[in-house]
Amino acid sequence: MEYSAKVLEHFATPHNVGKMDDADGVGEVGNAKCGDIMKMYIKVKDDIITDVKFNTYGCASAIATSSMATDMIKGKPISEAMKLTNKAVVEALDGLPAVKIHCSVLAEEAIKAAIKDYYERQNIPFDENMFKEDTCHYCYKEH
């Protein structure tokens with residue numbers, strides 16, 4: 001399996017790793033078929049994700065996509081983070097092997113789960129349809 005230099009870099013030295021005890025939102029997702037589990041923590045101020053951390057148990061692709069996804073949403077408005085797709089994460093990593101695309105879907109879902117948790121904790125009304133999970137963990141999601 002060929003990994004890009006960016007995937008290897010984010011796997012070897014992942015960004016934003018850790019637990020956040022005072023998180024405003026926490027999202028945990030997993031895929032029983034491959035065993036990857038991602039937990040994402042966000043800190044929000046004035047609708048901006050001011051800090052984000054993750055813990056991922058899984059393969060190199062799962063760790064790399066978590067790392068890249070957190071880099072892509074840190075400092076961004078929640079509305080922008082909600083639009084982050086797994087395809088954008090894969091492109092930012094210069095690609096993933098086809099059998100590892102599901103890892104990028106998990107990263108997208110972990111972010112959305114953390115945002116949903118934030119909305120629920122803050123009693124912010126939201127549309128449930130914004131948080132529907134994709135049932136295809138092995139393909140790109142097109143929006």
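Below, each value reflects all heavy atoms present in this structure, side chains not excepted, and no hydrogens, waters or symmetry copies.
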Hey, any chance Leu93 and Ile101 share a hydrophobic cluster, counting ILVMFWY side chains that come within less than 4.5 Å of each other, even indirectly?
yes

Under a 3.5 Å distance rule, please check whether Ser66 uses its side chain to pair with a backbone N or O of Ala62 as donor and acceptor.
yes

Asp71 versus His10: any side-chain heavy-atom pair under 4.5 Å?
yes

Would a single hydrophobic cluster contain both Met68 and Ile42, if residues Ile, Leu, Val, Met, Phe, Trp and Tyr are joined by side-chain heavy-atom contacts under 4.5 Å?
yes

So, Lys74 and Asp51, do they make that salt bridge, N to O below 4.0 Å?
yes

Under the 3.5 angstrom rule, does the side chain of Thr70 hit a backbone N or O of Ser67 as a donor-acceptor pair?
yes

Same hydrophobic cluster for Tyr41 and Leu84, using side-chain heavy-atom links shorter than 4.5 Å among ILVMFWY?
no

Any luck finding a side-chain donor-acceptor pair between Asn86 and Ser104 under 3.5 Å?
yes

For Cys59 and Lys100, the nearest pair of non-hydrogen atoms, with its separation, is SG-NZ, 3.5 Å

Do Asp36 and Thr56 touch side chain to side chain, with heavy atoms closer than 4.5 Å?
no

Report yes if the side chains of Ile49 and Ile78 come closer than 4.5 Å at any heavy-atom pair, otherwise no.
yes

Is the shortest heavy-atom distance from the side chain of Glu80 to the side chain of Ile73 under 4.5 Å?
no

Of all heavy-atom pairs between Leu96 and Ser61, which one has the smallest distance, and what is that distance?
CD2-OG, 3.7 Å

Please find the pair of heavy atoms, one from Thr50 and one from Lys45, that lie closest to each other, and give the distance.
CG2-CB, 3.8 Å

Between Lys76 and Ile48, is any pair of side-chain heavy atoms under 4.5 Å apart?
no

Write down the atom of Thr13, the atom of His15, and the distance for their closest heavy-atom approach.
O-CD2, 3.2 Å

Looking at Phe131 versus Phe126, is the centre-to-centre ring distance below 6.0 Å?
yes

Does Glu2 CD have over 12 foreign heavy atoms under 6.0 Å away?
no

Determine whether Ser79 and Met82 make a side-chain contact, defined as any pair of heavy atoms from C-beta on separated by less than 4.5 Å.
no

Tell me if a side-chain donor or acceptor on Asp117 pairs with a main-chain N or O of Val26 at a distance below 3.5 Å.
yes

First locate atom OH of Tyr119, then atom CE of Met130, and finally report the distance between them rounded to the nearest 0.5 Å.
4.5 Å

Quick check on side-chain contact (heavy atoms from CB on, under 4.5 Å): which of Ile63, Thr65, Ile111 does Met38 satisfy it with?
Thr65

Can you name the nearest heavy-atom pair linking Ala60 to Phe11, along with the distance?
CA-CD1, 3.4 Å

Counting N and O atoms only, with roles assigned by atom type, does the side chain of Asn55 sit under 3.5 Å from a partner on the main chain of Lys39, one being a donor and the other an acceptor?
no

Which heavy atom of Ala81 sits nearest to which heavy atom of Ile115, and what is that distance?
CB-CD1, 4.0 Å

Give a yes or no on whether the backbone of Asp24 and the side-chain of Lys43 come within a donor-acceptor separation of less than 3.5 Å.
no

Are the charged groups of Lys87 and Glu108 less than 4.0 angstrom apart, N to O?
no

Heavy-atom side-chain proximity of Phe54 to Pro14 below 4.5 angstrom:
yes

